[in-house]
Amino acid sequence: MKHSADIQAETPSFSWLRAIFGHRAVWPIVALALIFIVDGVISPGFFHIRIVEGRLFGNLIDILYRAVPTALVALGMAAVIGTKGIDLSVGSIIAIVGAVITWRIHAGDPHWLVLLIALGAALLCGLWNGFLVAVLDIQPIIATLILMTSGRGIGLMINLLYGGTNPSFTSPLLQGLSVGHIGLIPTRLILFAAIFFLLWLAIRRTAFGLFLESVGGNAGAAKIVGINARLIIYAAYLISGFCSGWAGIVLAADTHTSDPVSIGLYIELDAILAVVIGGGSLSGGRVYLGMTILGVLVIQALTTSILTSGLPPEYNLVVKAIVVIIVLLLQSTNLRAALYNAFARTKR
Amino acid sequence: MVARIEMLGVSKAFPGVRALERVDFQVEAGEVHALMGENGAGKSTLIKIMTGALQGDEGEIRLDGRPVHIGKTGDAQALGIGTVYQEVNLVPTMSVTKNLTLVRQPRRFGLIDWGAARKRARERLKRLDIDIDVERPLGSYSVAIQQLVAIARALEDDTRVLVLDEPTASLDANEVALLFRIVRDLKARGIAIVFITHFIDQVYEIADRISVLRNGRLVGCAPIAELPRQKMVPLMLGRELERTEQRASRAASTALDKPILVAEGLGRRRVMAPFDLTLHPGEVVGLSGLLGSGRTEVAKLIFGAIRPDSGKLTVGGAPVTSASPSHSLHLGIAFCPEDRKAEGVFGELTVRENIILGLQTKRGWLRRLSHLEQEALAQEMIKALAIATPDADKPVSQLSGGNQQKVVLARALTAEPRILILDEPTRGIDVGAHAEIVALIRRLCAQGLALLVASSELDELVAVSDRLAVLRDRRKIGEIEERDINRQTIIDTIAGAGT
């Protein structure tokens, strides 16, 4: 990715402008701020946060709360996209995990074991994707398309194992992880923060992130340097599988049911969008975890805002598309250079 | 006798470079005319002008004595000039018929008449005595057959001139023989054939006449009997640049040391004939040869970037069982590739990240170099190699080519190798940086590093090498010892007949 800082300033007096507008975080933050300003104007009570039944309540909390599944998926997606890959199967992994949970709970397994089995299933999915991409050398979009199309069918077949059609379940443990709260704060937010932190440690505090970006940035050079690209790609798809699996636990426990047809539908698109809004390029080579979360927040804030604004929900998708286009245009190096030059001229 | 095709006084300039300067080039009917020259000599430009892909700035083209204007590739085809380009520009996934129908399709009611297309495809192949199933995808046939299909496509009934650009680059000996049989056949039919190759032996096998280009000028044109290898190779490489660069004499003889690397019969089919090579600590071994002679292949076979399928490699006394770049890294072999863009730098990563990646990969992903260590290592390398960058956190793609090359070298050095392989270490580097890199090579070698340097620049090899392996046509044809290394011996060895 080229930063606008590459573009030489014409006069030194604009260097502060360059520094601010050159930072990759600025446009997603501006977009988020604009969404909130519009919210504040339309519904003055939008930012009100209160405590109901011992937990925080309000639109802002709601945005964070609802953003968690997409955010989890987007983290894994960011790692995969960093290797110049893509994972379309994340929604199907969620469906499989949901089905596995209900199946094992109906089979009477202890709930902690169900949790482990569910995550194991998700990792298995990641392993499968990694095998197709890293070993069989299938293009990532095709390789993950296989699980994307078959995954929901696998979910339905798991349901059939015990004859359940849309079976429901209750589990204090799993529902606690999803809709419960510790103190004032929703548990899923705390757990998300923990996963984010672990992933950040793995990517930025070991050399794994650098290797990942090397493989994605220039596979030929990575080979010459002696990096085991196969292992790195495996790891990225495993991370994506794990993150999607956790999102599946959160979603399944939230809905109390296994509905493989609709759970997490189109979540891969929001996740990819979040990575792109966060400045990640689909041509690979860079992983921005924090920026990806910012991208998720832009998408979720937009969705929540449209729902609370009283705008008919039919408008949701179109408005979302328009905002996304604007954010992406603002991130374009060329457009920013043009805007910057135009601004510099008017000042002179 | 009027030549079949004549190009008279053809010049062409690109921004900043004169690609061709008043070049005359004639090919007779029924003649195989070899066009020789190193990279950038102007061969491609000349051919492109002949086939209408480029327009010359001046000069004229005559076909059978008649001046012609070739404004686009369609004109050349209409005049009977067919071309087979170096990269087989056919579609491997399509059937042979479809490939032969790509340019002109027989139509019926405005739709493609596939029956007629198949018939025509078979007829075209028959002209070359090839009988294959035209419905099978092209990619299912050998490279040789694909090459012949490409020739079949270029050949029309009225073809008068056929240009073959590196047709044998990826063929083995039997396939070359097959191709040459067909070339002789075409020649017997009176077609004028322009043959471009880097394989010198093949030129002397098939060509009737040779034209040699250097730096955009025609420097020689003669029947092969009058232009033996010993005369032709110096023409290609040029002598006017000759300067006697004095080599620094070695303080101690290195021949007594135990070799650190021994390759015995190392090779890979179609890539490089088996070769022997030894390297001693503190020694610089040069790899010399013309373009396409196998310099890069030798380097990559030793490094493991190309997996050998024959022979034995011993490093530090221990045999290497599975050659791979990551294995080589841990054996202490580092490699700076020739193709900086595809195999060298990580454009989006910073200078610092690019440099430390060598050591980091050796340490593995868990033992991450802290930011301070990274910064220190990067600064040390930037200083040692005089890399011109405002700071270590600039994306490496913003550096000039020479500085990117130094970054790749720096990365190889951070892995603390015992053996360093440099493939074209000074490619695209200005004169000042060139001297710095030559000086650096000498310094490294004084520290006990063993170096293998592949280069197309004779002067550079003369300046740094203790021993020189000479390659031709993908095989090693000889070694030159230190006292005998000079431009003349290298040229003589490259040109020398036999293997």
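Naming: A, B, ... by sequence-line order, numbering from 1 per chain.
- With hydrogens and angles left out, the side-chain atoms of B:S456 and B:E424 include a donor and acceptor closer than 3.5 Å.
- A:S240 approaches A:V90 most closely through the heavy-atom pair OG-CG1, 3.7 Å.
- The greatest number of non-hydrogen atom pairs below 4.5 Å with chain A, out of B:A342, B:A412, B:G344, B:G304, is found for B:A342.
- Within a 6.0 Å sphere centred on CG of A:L329, other residues, nucleotides and ligands contribute more than 12 heavy atoms.
- Side-chain contact, B:R368 with B:Q360: no donor N or O sits under 3.5 Å from an acceptor N or O.
- Of the atoms belonging to B:R411, it is side-chain heavy atoms, and not backbone ones, that fall under 4.5 Å from chain A.
- Neither the backbone nor the side chain of B:T414 comes within contact range of chain A; no heavy atoms are under 4.5 Å apart.
- There is no contact between B:V408 and chain A, counting heavy-atom distances below 4.5 Å.
- Heavy-atom contacts from other residues, nucleotides or ligands closer than 6.0 Å to CD of A:Q139 number 12 or fewer.
- Only the side chain of B:L329 comes within less than 4.5 Å of a heavy atom in chain A; its backbone stays farther off.
- Of the listed residues A:S214, A:A202, A:A222, the one with more heavy-atom pairs under 4.5 angstrom with chain B than any other is A:S214.
- Heavy-atom distances place no part of A:A219 under 4.5 Å from chain B, backbone and side chain included.
- The side-chain heavy atoms of B:L420 and B:L409, taken from C-beta on, include a pair separated by under 4.5 Å.
- Chain A forms the most heavy-atom pairs under 4.5 Å with one residue out of B:N354, B:L357, B:L369, B:L366, and that residue is B:L357.
- Checking B:T296 against B:D423 by side-chain atom types alone, a donor-acceptor pair falls below 3.5 Å.
- Proximity to chain A (any heavy atom under 4.5 Å) is restricted, for B:K341, to the backbone atoms N, CA, C and O.
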